[in-house]
Amino acid sequence: MRVDEAGGGSPAGKFSIELPALTKLAAALEELEGHAATARSYSSYADVHSSGGGLMVKLADATIHVSDDLERVFHRLSQITGRGSQEIRGTRDLYRTLDEESAQRIDSTYWGA
């Protein structure tokens, strides 16, 4: 297995790690984490408060739990994407530190090379 900044893989093409792709994926997840946090802050605006009667009461009844549900969904999305970003960066860093000898030893345990 060959791991380098430009991406690479084993000479036989059995396994490939593209470090820039991992970096890009981690950054995208981190960005999504921020967007989810922003969306979470807006979820309180989904509440409809009825004043009076008729249609507004029906609308308020139909949306009574929307704010709480949205808050939970965006909070969870933020958690998942944040942790995912951390794990991807950790994986990238692990592969970055592998030297060629370690990589060959790992390859041989998986593919009997």
Side-chain angles (χ1 to χ4, degrees):
M1 172 170 44
R2 189 186 80 231
V3 179
D4 57 33
E5 287 300 319
S10 66
K14 295 179 182 176
F15 189 73
S16 178
I17 298 295
E18 296 183 22
L19 297 177
L22 291 178
T23 300
K24 188 175 179 178
L25 175 58
L29 288 172
E30 189 174 322
E31 183 178 355
L32 182 55
E33 177 187 18
H35 291 311
T38 300
R40 181 180 175 205
S41 71
Y42 291 129
S43 66
S44 63
Y45 296 110
D47 279 338
V48 175
H49 301 284
S50 64
S51 58
L55 181 60
M56 289 306 292
V57 170
K58 288 181 183 181
L59 182 60
D61 288 344
T63 61
I64 196 163
H65 299 290
V66 170
S67 177
D68 292 339
D69 291 344
L70 286 174
E71 194 278 333
R72 279 192 299 276
V73 165
F74 288 123
H75 177 69
R76 186 71 178 129
L77 180 60
S78 181
Q79 287 179 323
I80 291 169
T81 54
R83 289 180 188 154
S85 176
Q86 291 172 2
E87 292 298 324
I88 295 293
R89 288 180 198 281
T91 299
R92 178 208 55 205
D93 293 345
L94 173 68
Y95 279 111
R96 183 178 282 146
T97 60
L98 288 176
D99 60 17
E100 190 65 32
E101 184 179 318
S102 296
Q104 289 174 358
R105 188 172 56 249
I106 290 170
D107 275 352
S108 70
T109 63
Y110 286 114
W111 296 286

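Just so you know, these numbers use all the heavy atoms, side chains as well, and skip hydrogens, waters and symmetry mates.
Here the straight-line distance linking atom CG of L77 with atom CG of L32 works out to 5.0 Å at 0.5 Å rounding. Here the CG-NE2 distance, from L70 to H75, works out to 14.0 Å after rounding to the nearest 0.5 Å.
E87 CD: 12 or fewer foreign heavy atoms inside a 6.0 Å radius.
Scored by the side chain to side chain donor-acceptor pair (under 3.5 Å) test, R83 finds no partners at all (sequence neighbours excluded). With sequence neighbours excluded, the residues satisfying side-chain contact (heavy atoms from CB on, under 4.5 Å) with L29 are L25, T81, S85, I88. Residues forming a side chain to side chain donor-acceptor pair (under 3.5 Å) with R92 (at least two apart in sequence, or on another chain): T23. In this structure D69 satisfies the side-chain contact (heavy atoms from CB on, under 4.5 Å) test together with H65, R72, sequence neighbours excluded. Under the salt bridge (charged side-chain N to carboxylate O under 4.0 Å, His left out) criterion, R76 pairs with no residue at all, not counting sequence neighbours.
Residue pairs meeting the salt bridge (Lys or Arg N to Asp or Glu O under 4.0 Å) criterion with at least one member in residues 24-38, sequence neighbours excluded: E30-R89.
Pairing each heavy atom of A36 with each of F74, the nearest pair is O-CB, 3.5 Å.
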